[in-house]
Structures are given as structure tokens and as C-alpha cells.
Trainee: 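Below: one structure in C-alpha cells.
What you are looking at is a predicted structure, and each value in this text was computed from that prediction instead of being measured. FYI, the numbering just counts along the sequence from 1.
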Amino acid sequence: MTYNNDYLLAKAGALVPQLMSFSQKNGLSGLEFMAGVPASLGGMIAMNFGCWDVCMQDIVHSVDLYIPGQGFVTFSNEQCQFGYRTSIFQSMDCLILSAKLYVSSSDPSSIKKTIHQYVTQRLTKQPMRTATFGSIFKNPAPDPAAAIIEQSGFKGYQLRTAKISDLHANFMENIADASSQDALDLMAIIQKNVKSKFNISLQPEVSIFQ
Ligand SMILES: Cc1cc2nc3c(=O)[nH]c(=O)nc-3n(C[C@H](O)[C@H](O)[C@H](O)COP(=O)(O)OP(=O)(O)OC[C@H]3O[C@@H](n4cnc5c(N)ncnc54)[C@H](O)[C@@H]3O)c2cc1C
């Protein structure tokens, strides 16, 4: 990773703990919202990762990628076509190599404090120590998916060994040997129930490959 006062340049394979420790050590603020999430920079860009009202779209200056047949190119933020948990990279045959991210100079101790706050919030509100794939469904405005699932009575609901978390209703935990089919079946039950109860069509946030 390299940086100046305005930008941090990182490889796509950089993991969140590496990004946190580098930015904290060098007094670079702007990436703290990622703290505590098991993800790589390339994956977060492709998914337009976001939380605490910030997403990758807000901090990406440009992305270096390799496109078979075209070679090495750089996309501006606009060319990434970021949307809610989407980007152009999800429908492109390409490999994200690195990205230039907007940062600003700040006091390392205040960055550390913010990172700590975000990690603590995740640990208290989300199942971070069990096997999950992150949020199950996108938040259908205006209500968060977790609240809708909870109101439907599914918080803690278990189908075989796939369980809706007791801590956060938009997380599914694999409490033993749940299969992908168990996860899909549980998602389908919730979608059907929420549709008939609230006429809301919950859309998966998790990518499904079949
Ligand atoms: C406990 C937990 C909490 C989470 N909380 C959040 C949250 O608050 N907000 C949120 O948005 N997400 C959250 N997630 C989901 C997850 O962190 C994101 O999806 C993340 O953006 C991508 O993770 P990843 O690096 O593992 O990528 P992967 O899951 O491996 O990949 C995601 C997509 O990116 C593509 N991709 C990965 N690397 C590259 C590359 N170099 N070039 C091209 N394409 C690439 C993959 O092909 C795939 O389509 C959470 C997940 C967990 C487990």
C-alpha cells in the first residue's frame, strides 16, 4: 500500500484488517466504516460494500483492472457504475487489481478509536463469531430487512441447521452442517411469508451461484 495526503493506493487482495492497520498507523481517515468485516478490497469494490451510511462508491477515486482482450485499464468512479450492493464489475469479465481511495489526514488515535467503536458495535449487534455470509436480504426502503423479518416472527427461526440469528434477523447462521440448499430454502420461506404478510418482495443481498 502507498499513500499521500489525499489518496491511498491498495491492491485488490488487501484484507480489511490490513487496510485498518495501515490507515491507522499512517493517520489516514476514511476507511474506518469497513472495520470488523471479513472482506477484501476487490470484493468490496465489486459489491459496493457499505455500512454506517458509507459505501465504496463514496471513497473510490479509481480502479485499476485487467480486462481479457483489452488489457490493463483504469476506471473512474463513474465508470464503476456503483449502485446498492452492485457495480459494473459484477457483470464484467475482469479482474480488479488495485484501487485509489480518497482519504484525509487524521490523528491515528482517533482513527483507532473509531475502528474500535465500529468493531464493538458489530460484535454486540451482529453474529460475528459464527458462520454467516453477512446480510441475507437488501434493505427495502424505508424499513431495514432485519425489522421486517423480525416482525414476521422469524428471528431465531431454524430450518434444519440453518438459523436466523437471535442477535440480528438479517443474518443466517450455520449452526452445524447446513447446506446451501438449507440456506436457500430458509430464504424462500421468509420471502414467501414477508410477501403475504407485508406485500414486500425481499431481494437477496448475498450473491447466489447455481
Ligand atoms: C459477518 C459479515 C458481515 C458483513 N457485513 C457487511 C456489511 O455491513 N455491508 C456489506 O455491504 N457487506 C457485508 N458483508 C458481506 C461481505 O463482506 C461483502 O460482500 C464484501 O463486499 C465482499 O467480500 P469478499 O472480499 O469476501 O468478496 P467475495 O465474496 O469473494 O466476492 C464478492 C464478489 O466480488 C467479486 N470479486 C472479488 N474480488 C474480485 C476482484 N479482484 N476482481 C473482480 N471481482 C472480484 C467476486 O467474484 C464476487 O462476485 C458481511 C459479511 C460477513 C461475513
Trainee: Take L8 and F22 through the side chain to side chain contact (heavy atoms under 4.5 Å, CB included) test and state the conclusion after the steps.
Mentor: CA-CA 10 Å; L8 180 149; F22 185 87; 3.7 Å; yes
Trainee: Check whether D182 reaches the backbone of S179 with its side chain - one donor and one acceptor, N or O, closer than 3.5 Å.
Mentor: yes
Trainee: If you round to the nearest 0.5 Å, how far is NE2 of H61 from NZ of K100?
Mentor: 4.5 Å
Trainee: Could you measure the distance from the CG atom of L159 to the CD1 atom of I190? Nearest 0.5 Å is fine.
Mentor: 9.5 Å
Trainee: Hey, mind stepping through Q18 and L41 against side chain to side chain contact (heavy atoms under 4.5 Å, CB included) and telling me if it holds?
Mentor: CA-CA 10 Å; Q18 295 168 317; L41 179 59; over 6 Å; no
Trainee: Taking distance alone, no hydrogens or angles, what donor-acceptor pairs closer than 3.5 Å link side-chain atoms of residues 197-209 to residues at least two apart or in another chain?
Mentor:
residue, atom, partner, partner atom, Å
N199, OD1, K195, NZ, 2.9
S201, OG, K195, NZ, 3.4
E205, OE2, R85, NE, 3.2

Trainee: Under the side-chain hydrogen bond (donor to acceptor under 3.5 Å, both in side chains) rule, what pairs show up with a residue in residues 27-56, not counting sequence neighbours?
Mentor: S29-E32
Trainee: Apply salt bridge (Lys or Arg N to Asp or Glu O under 4.0 Å) to D185 and list each qualifying residue two or more places apart in sequence or on a separate chain.
Mentor: R160
Trainee: Would you find a donor on one side and an acceptor on the other, under 3.5 Å apart, between the side chain of Y84 and the backbone of N139?
Mentor: yes
Trainee: Quick test of your reading: applying side-chain hydrogen bond (donor to acceptor under 3.5 Å, both in side chains), list the pairs with at least one residue in residues 143-153, sequence neighbours left out, ordered by first then second residue.
Mentor: none
Trainee: Pairs of donor and acceptor atoms involving the side chains of residues 126-138, under 3.5 Å and at least two apart or interchain, shall be tabulated with distances.
Mentor:
residue, atom, partner, partner atom, Å
Q126, OE1, R122, NH1, 2.7
T130, OG1, E173, OE1, 3.3
T132, OG1, G134, N, 3.3

Trainee: How many angstroms lie between atom OG1 of T114 and atom CG of D107, to the nearest 0.5 angstrom?
Mentor: 10.0 Å
Trainee: Between V37 and F49, does the side chain to side chain contact (heavy atoms under 4.5 Å, CB included) criterion hold? Intermediate values first, please.
Mentor: CA-CA 10 Å; V37 171; F49 168 92; 3.6 Å; yes
Trainee: Of all residues at least two apart in sequence or in a different chain, which pass the side chain to side chain contact (heavy atoms under 4.5 Å, CB included) check with C94?
Mentor: L65, I67, F89, M92
Trainee: For Y118 and F33, run ring-ring contact (aromatic ring centres under 6.0 Å, His included): C-alpha distance rounded to whole Å, both residues' side-chain angles, the deciding distance at 0.1 Å, then the answer.
Mentor: CA-CA 7 Å; Y118 283 147; F33 70 103; 8.1 Å; no
Trainee: Walk me through it: do L95 and L97 pass the test side chain to side chain contact (heavy atoms under 4.5 Å, CB included)?
Mentor: CA-CA 6 Å; L95 186 63; L97 301 172; 4.0 Å; yes
Trainee: With a 4.5 Å cut-off on side-chain heavy atoms, are K11 and M1 touching?
Mentor: no
